[in-house]
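Just so we're on the same page: letters track the sequence lines, and every chain starts at 1.
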There are 2 protein chains.
Amino acid sequence: MLEKNLRKDAEKRRQVILEKAAALFAEYGVEHVSMRQIAREAGVGQGTLYRSYNNKGELCWDLIGESCIQNYDRIQSFLGDHTSSPIKDRLETALLYHLESLETHSPVLAAIQANSGGDEQQNVPFYSEHYESIHSVIVQLLNEVAKKTENLDLDPVFTADAIMAILRPDVYIFQRQHRGYSPEEIKNKLFHVFIEPLFHK
Amino acid sequence: MLEKNLRKDAEKRRQVILEKAAALFAEYGVEHVSMRQIAREAGVGQGTLYRSYNNKGELCWDLIGESCIQNYDRIQSFLGDHTSSPIKDRLETALLYHLESLETHSPVLAAIQANSGGDEQQNVPFYSEHYESIHSVIVQLLNEVAKKTENLDLDPVFTADAIMAILRPDVYIFQRQHRGYSPEEIKNKLFHVFIEPLFHK
DNA sequence: CGCGTTAGTGGACAGCGGTCCGCTTGTTAA
DNA sequence: TTAACAAGCGGACCGCTGTCCACTAACGCG
């Protein structure tokens with residue numbers, strides 16, 4: 001929660017928690033830092049930490065959420081300013097902006113993915129509002145493609161699901177570290193597999 | 001491990017563990033059953049359980065691994081018997097057989113995905129041999145497509161990664177439960193997004 | 001300033017995944 | 001049959017996520 005009406009002392013503690021968490025994440029890597037470590041380092045009790053954040057995923061979101069929302073706004077702003085640009089360019093730019101966010105935040109986003117909600121949400125790959133927002137943008141753009149292209153039998157929702165599946169944080173990390181692709185390469189491959197076929201006739 | 005040289009008493013206990021685990025999974029759902037519950041129900045200690053299986057993922061694999069391997073063999077057998085069939089048919093049949101395995105085993109496969117290896121393997125979406133095997137089949141078939149089609153600039157590895165990303169067990173469950181697609185619909189959508197564009201010219 | 005109310009605290013607790021070591025039991029050779 | 005060896009055992013242990021309640025401290029009002 002970026003906005004909470006907390007008592008002054010509680011707000012101070014929340015700030016200390018965030019600072020210490022960010023420092024620990026930077027030092028050890030987000031996946032190696034436990035909520036206990038964060039509580040200890042911040043000098044607060046377990047209960048206090050969990051009063052601020054339901055789980056590690058929420059804490060992580062508090063660290064990068066603003067940046068992700070800004071990026072989403074950037075996408076929407078771009079799309080709003082370029083309504084007459086070719087749909088292909090708009091789709092590619094939206095995805096490019098999202099990939100930039102992934103490049104910056106993928107370890108923390110992976111921690112959010114792995115540490116949010118209960119059992120039920122663990123089984124929902126696109127649970128987060130943020131991902132749903134990006135997914136929606138893609139669906140809308142694909143719907144536009146579908147309307148403009150008569151012979152193209154396009155499935156916007158499933159296609160967006162497929163794009164979002166390969167853009168999951170852990171998959172992105174895999175592509176970067178295991179496959180050794182650069183961000184530019186991933187971008188080109190993504191466009192090549194998903195976008196270009198839509199415009200080849 | 002499907003083959004272990006165990007003492008008779010240990011082998012008996014391993015069988016009991018498997019039987020009780022299968023019963024608990026059937027009753028409560030695999031994601032809701034802990035290793036402690038399994039040990040209790042089987043009447044063995046923690047250490048004994050973990051001597052048989054390093055983690056829940058391994059135990060789950062022991063339950064369905066044979067079936068998955070048989071399915072893989074079925075794919076290879078089909079491909080071996082149909083080398084002169086159109087590549088599109090072979091690709092589609094291989095994926096269809098894999099989808100059938102997913103339909104049967106997705107909750108347990110999702111548990112394997114979520115509960116295997118250490119931190120490092122958690123960040124590798126295609127860690128399991130089984131998934132690597134299917135991935136390889138797809139890459140090989142896509143390589144054939146690439147060779148036979150001159151004007152098609154195909155990226156077999158990334159394309160296979162994308163296919164495997166949408167075929168992850170948790171994503172499959174999401175498509176079935178959240179999107180409400182039938183297995184037939186998922187199959188059609190998968191072919192539509194990934195296969196048909198390869199053969200449209 | 002004092003008091004009442006309630007937001008906030010921390011650490012004990014439960015249950016989890018996983019480890020490990022003193023003890024037990026199965027197996028084999030003499 | 002017996003003894004030696006080592007595979008195998010179980011439960012105490014560690015650290016984790018997350019919960020909860022008796023206690024504390026902040027805040028606002030008179």
Side-chain angles (χ1 to χ4, degrees), chain A residues 1 3-18 20-21 24-25 28-62 110-123, chain B residues 1 3-18 20-21 24-25 28-62 110-123:
Chain A
M1 306 301 160
E3 293 294 335
K4 289 194 178 193
N5 295 318
L6 295 177
R7 272 175 13 189
K8 283 182 191 155
D9 60 329
E11 180 56 34
K12 279 199 179 171
R13 282 194 186 85
R14 198 180 66 84
Q15 287 301 320
V16 172
I17 289 167
L18 280 178
K20 297 298 185 181
L24 285 166
F25 291 166
Y28 298 106
V30 54
E31 66 276 9
H32 296 118
V33 178
S34 69
M35 289 293 264
R36 277 187 190 233
Q37 275 175 281
I38 295 168
R40 271 199 303 266
E41 192 79 3
V44 302
Q46 296 286 103
T48 300
L49 179 59
Y50 281 96
R51 179 180 289 271
S52 292
Y53 302 105
N54 284 324
N55 49 57
K56 190 172 168 184
E58 272 194 29
L59 188 154
C60 289
W61 180 252
D62 217 2
I112 293 170
Q113 180 190 337
N115 295 287
S116 295
D119 281 345
E120 297 186 24
Q121 295 202 3
Q122 285 276 16
N123 289 336
Chain B
M1 304 300 160
E3 292 295 335
K4 290 194 177 191
N5 294 317
L6 295 178
R7 277 178 7 190
K8 282 182 195 161
D9 60 331
E11 181 55 35
K12 277 197 185 176
R13 281 193 188 86
R14 199 181 65 84
Q15 287 301 321
V16 172
I17 289 166
L18 279 178
K20 297 300 184 180
L24 285 167
F25 292 166
Y28 299 106
V30 54
E31 66 275 13
H32 296 119
V33 179
S34 69
M35 290 292 266
R36 273 173 202 241
Q37 273 177 281
I38 294 168
R40 271 199 303 267
E41 192 80 1
V44 302
Q46 296 285 102
T48 300
L49 180 58
Y50 281 96
R51 181 180 290 270
S52 293
Y53 302 105
N54 284 324
N55 50 57
K56 190 171 169 185
E58 270 193 33
L59 187 155
C60 290
W61 181 251
D62 217 2
I112 294 171
Q113 178 191 340
N115 295 289
S116 296
D119 281 344
E120 296 185 24
Q121 294 201 4
Q122 286 275 19
N123 289 335

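- Remark: P of dG8(C) and CD1 of Ile17(A) are 12 Å apart, rounded to the nearest angstrom.
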For nucleotides 2-7 of chain D, give me every protein contact, N/O to N/O, under 3.5 Å, one pair per line with atom names.
from, atom 1, to, atom 2, distance (Å)
dA7(D), N3, Arg7(B), NH1, 2.7

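- When every heavy atom of Thr48(A) is checked against every heavy atom of Arg13(A), the shortest pair comes out as CG2-CD, 4.2 Å.
- Taking atom CD of Glu31(A) as the reference point, atom C1' of dC16(D) lies 16 Å away to the nearest angstrom.
- Residue-to-nucleotide proximity on DNA chain C shows that, of Arg13(B) and Gly47(B), the 5′-proximal contact is made by Gly47(B).
- Shown here for His32(A) and Gln37(A), the closest heavy-atom pair between the two residues is O-OE1, 3.4 Å.
- Put simply, CD on Gln37(B) is 8 Å from P on dG17(C), counting in whole angstrom units.
- In this structure, CD of Gln46(B) is placed 15 Å from P of dC14(D), rounded to the nearest angstrom.
- Nearest heavy-atom pair across Glu58(A) and Ser52(A) is OE1-O, 4.5 Å.
- Here Arg40(B) pairs with nothing under the side-chain hydrogen bond (donor to acceptor under 3.5 Å, both in side chains) rule; sequence neighbours left out.
- Rounded to a whole Å, the CZ atom of Arg36(B) is 11 Å from the P atom of dG18(C).
- Here the P atom of nucleotide dC16(D) and the OH atom of Tyr53(A) are 20 Å apart, to the nearest Å.
- In this entry the distance linking CZ of Arg40(B) with P of dG10(D) reads 14 Å, nearest Å.
- Across all their heavy atoms, Val30(B) and Phe25(B) have their closest contact at CA-CD2, 3.6 Å.
- A salt bridge does not link Glu11(A) to Lys8(A): none of the charged nitrogens lies less than 4.0 Å from a carboxylate oxygen.
- Look at Tyr50(B) and you won't find any side-chain N or O under 4.0 angstrom from OP1 or OP2 of dT19(C).
- dG17(C) atom P lies 11 Å from atom CG of Asn55(B), rounded to whole Å.
- Under the 3.5 Å distance criterion, the side-chain polar atoms of Lys56(B) are matched with a main-chain donor or acceptor of Val33(B).
- The shortest distance between the side-chain N/O atoms of Thr48(A) and the OP1/OP2 oxygens of dG8(C) is not below 4.0 Å.
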